[in-house]
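Contents: one structure, followed by commentary.
Counting convention: from 1, in listed order, for ligands and their atoms alike. This structure is a prediction, so every number in the text was calculated from the model and none was measured.
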Amino acid sequence: MKKILVATEKPFAKAAVEGIRKIVEVAGFEMVLLENYTQKEELLEAAAKADAIIIRSDIVDADVLEAAKNLKIVVRAGAGYDNIDLASATAKGVVAMNTPGQNSNAVAELAIGLMVFAARNNFNGSSGTELKGKKLGIHAYGYVGKAVAFIAKGFGMDVYAFDPFVDKQIIESDGVHFIDNVNELYSTCHYISLHMPANAQTKKSINLDLLSLMPKGATLVNTARKEVVDEEGLLQMFAQRTDFKYVSDVEPECKGLIAEKFSGRFYFTPKKIGAQTSEANNNAGIAAAKQIVNFFVNNDKTFQVNK
Ligand code: 3PG
């Protein structure tokens with residue numbers, strides 16, 4: 001019987017796990033659960049017997065792929081797959097997939113929540129500002145960027161987007177201003193919300209040159225990946241621009257320095273929580289389980305990312 005390992009260092013909500021179990025068992029497979037693990041060895045041991053693995057931000061590197069002798073497919077229940085060694089997966093003939101769009105509303109709601117929190121001075125009781133009428137720049141217009149735009153318009157924000165891979169018509173049909181130059185996005189917008197994946201092109205791409213273009217009252221919101229921000233440039237921006245705030249879903253490496261010198265102008269979640277809602281867990285977990293069943297039963301590779 002095929003073993004489907006659910007390996008989540010940060011567990012799904014219980015209902016999502018039961019939803020996954022049901023789909024796996026109805027298909028005649030067995031679900032194995034490894035939650036809250038703290039050692040890589042635990043993952044290596046569990047992976048050794050798995051035909052398929054469902055993960056979140058769990059690291060599936062060459063060691064895991066080497067240990068998983070029976071593995072045919074790994075599905076990242078979520079959007080970003082920078083935690084999977086795609087080259088090793090391809091070399092081993094393992095199909096890697098993600099579940100695009102399934103947790104995007106949860107991340108978008110958090111991005112807006114972080115904006116409100118920053119605008120109200122981290123809820124410290126002093127007089128803050130409103131989002132209404134402010135210019136929001138969405139940097140990368142995928143599922144999450146689109147969902148942020150939709151909510152932000154409800155707040156009365158003036159929304160702009162830059163994404164070299166998305167057509168002007170798609171962005172404009174959402175009532176969002178299309179910007180074809182990244183510098184213009186940053187020089188136009190009071191708020192910038194990051195939604196790009198972490199890859200060789202995007203890592204450290206949000207640098208001082210870009211940030212210093214932002215108008216007075218600048219807030220950078222990062223619910224993407226900490227790696228896309230150049231932390232040296234970030235520290236310089238904090239030092240040069242006393243109006244600048246940075247709110248991020250997950251702490252940067254330089255958190256200590258920021259906390260020491262720039263108190264009140266930042267907030268970082270201690271653990272990545274963008275997709276940590278029961279709805280997002282359900283959507284992404286169940287989509288992952290269905291994709292695995294469809295792969296084994298129908299050889300469906302629709303969401304493969306290592307083609
Ligand atoms: C994603 O890429 O889908 C999000 O960053 C969510 O990550 P998580 O599953 O670890 O919460």
Side-chain angles (χ1 to χ4, degrees), residues 4-17 19-20 33-38 40 42-43 52-61 64 74-86 89 96-114 138-148 151 163 165 193-203 206 220-229 247-252 268-292 303-306:
I4 316 301
L5 172 66
V6 176
T8 49
E9 173 270 325
K10 179 175 64 186
F12 286 126
K14 279 197 169 38
V17 175
I20 295 170
L33 188 58
L34 175 69
E35 285 183 333
N36 288 312
Y37 64 94
T38 53
K40 183 174 178 180
E42 297 174 72
L43 177 58
I53 309 181
I54 295 175
I55 52 164
R56 296 185 65 181
S57 290
D58 307 77
I59 309 291
V60 172
D61 59 12
V64 175
V74 55
V75 182
R76 194 285 190 237
Y81 44 86
D82 45 311
N83 49 325
I84 304 176
D85 181 338
L86 292 185
M97 293 186 184
N98 66 348
T99 63
Q102 299 292 344
N103 58 21
S104 51
N105 184 65
V107 181
E109 287 190 11
L110 181 70
I112 298 285
L114 288 170
I138 297 183
H139 191 162
Y141 202 74
Y143 287 101
V144 184
K146 197 178 171 72
V148 169
I151 303 170
D163 190 324
F165 306 104
S193 193
L194 304 177
H195 300 293
M196 69 285 286
N199 57 36
Q201 284 71 45
T202 62
K203 281 183 185 167
I206 311 308
L220 178 67
V221 184
N222 184 2
T223 54
R225 291 289 182 272
K226 66 178 176 184
E227 291 85 355
V228 301
V229 174
V247 282
S248 171
D249 185 18
V250 82
E251 300 167 340
F268 308 129
T269 56
K271 192 161 190 145
K272 190 144 68 80
I273 59 159
Q276 196 61 326
T277 66
S278 54
E279 293 89 338
N281 291 170
N282 245 346
N283 294 342
I286 286 175
K290 285 184 177 165
Q291 286 171 214
I292 287 172
F303 297 101
Q304 184 171 5
V305 291
N306 61 334

State whether the shortest distance between N or O atoms of [X] and N or O atoms of ligand 1 falls below 3.5 angstrom.
| X | value |
| --- | --- |
| Gly78 | no |
| Ala275 | no |
| Arg56 | yes |

Ignoring hydrogens and geometry, is there a side-chain-to-backbone donor-acceptor pair from [X] to [Y] under 3.5 Å?
| X | Y | result |
| --- | --- | --- |
| Thr277 | Ala280 | yes |
| Asn98 | Ala79 | yes |
| Asn282 | Gly285 | no |
| Asn83 | Asp58 | yes |

Relative to the heavy atoms of [X], which atoms of ligand 1 are at a distance of less than 4.0 Å?
| X | value |
| --- | --- |
| Arg225 | 1 (C), 2 (O), 5 (O) |
| Asn103 | 1 (C), 3 (O), 6 (C) |
| Gly80 | 1 (C), 2 (O), 3 (O) |
| Ser57 | 7 (O), 8 (P), 10 (O) |

Among protein heavy atoms, which lies nearest atom 4 (C) of ligand 1, and at what distance?
->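 Looking only at protein heavy atoms, the one closest to atom 4 (C) of ligand 1 is Lys272 NZ, 3.6 Å.
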What protein heavy atom sits nearest atom 3 (O) of ligand 1, and how far off is it?
->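 Its nearest protein heavy-atom neighbour is Ala79 N, 2.6 Å.
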Examine the side chains of Asn306 and Gln304 and answer whether a donor and an acceptor come within less than 3.5 Å of each other.
->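 Yes, a side-chain donor-acceptor pair sits under 3.5 Å.
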Find out whether Tyr37 and Leu43 are in side-chain contact, i.e. whether some heavy atom of one side chain is under 4.5 Å from a heavy atom of the other.
->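 Yes; the side chains approach each other to less than 4.5 Å.
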Answer whether the closest heavy-atom distance between the side chains of Asp249 and Ile273 falls below 4.5 Å.
->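 SC-SC contact between Asp249 and Ile273 confirmed.
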Heavy-atom count around Lys10 NZ within 6.0 Å, excluding the residue itself: above 12?
-> yes
Would you check whether Lys10 reaches within less than 4.0 Å of ligand 1, judged by its heavy atoms?
-> yes
Side chain, backbone, both or neither: Ile273 near ligand 1, heavy atoms under 4.0 Å |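 It is neither part, as no heavy atom is under 4.0 Å.
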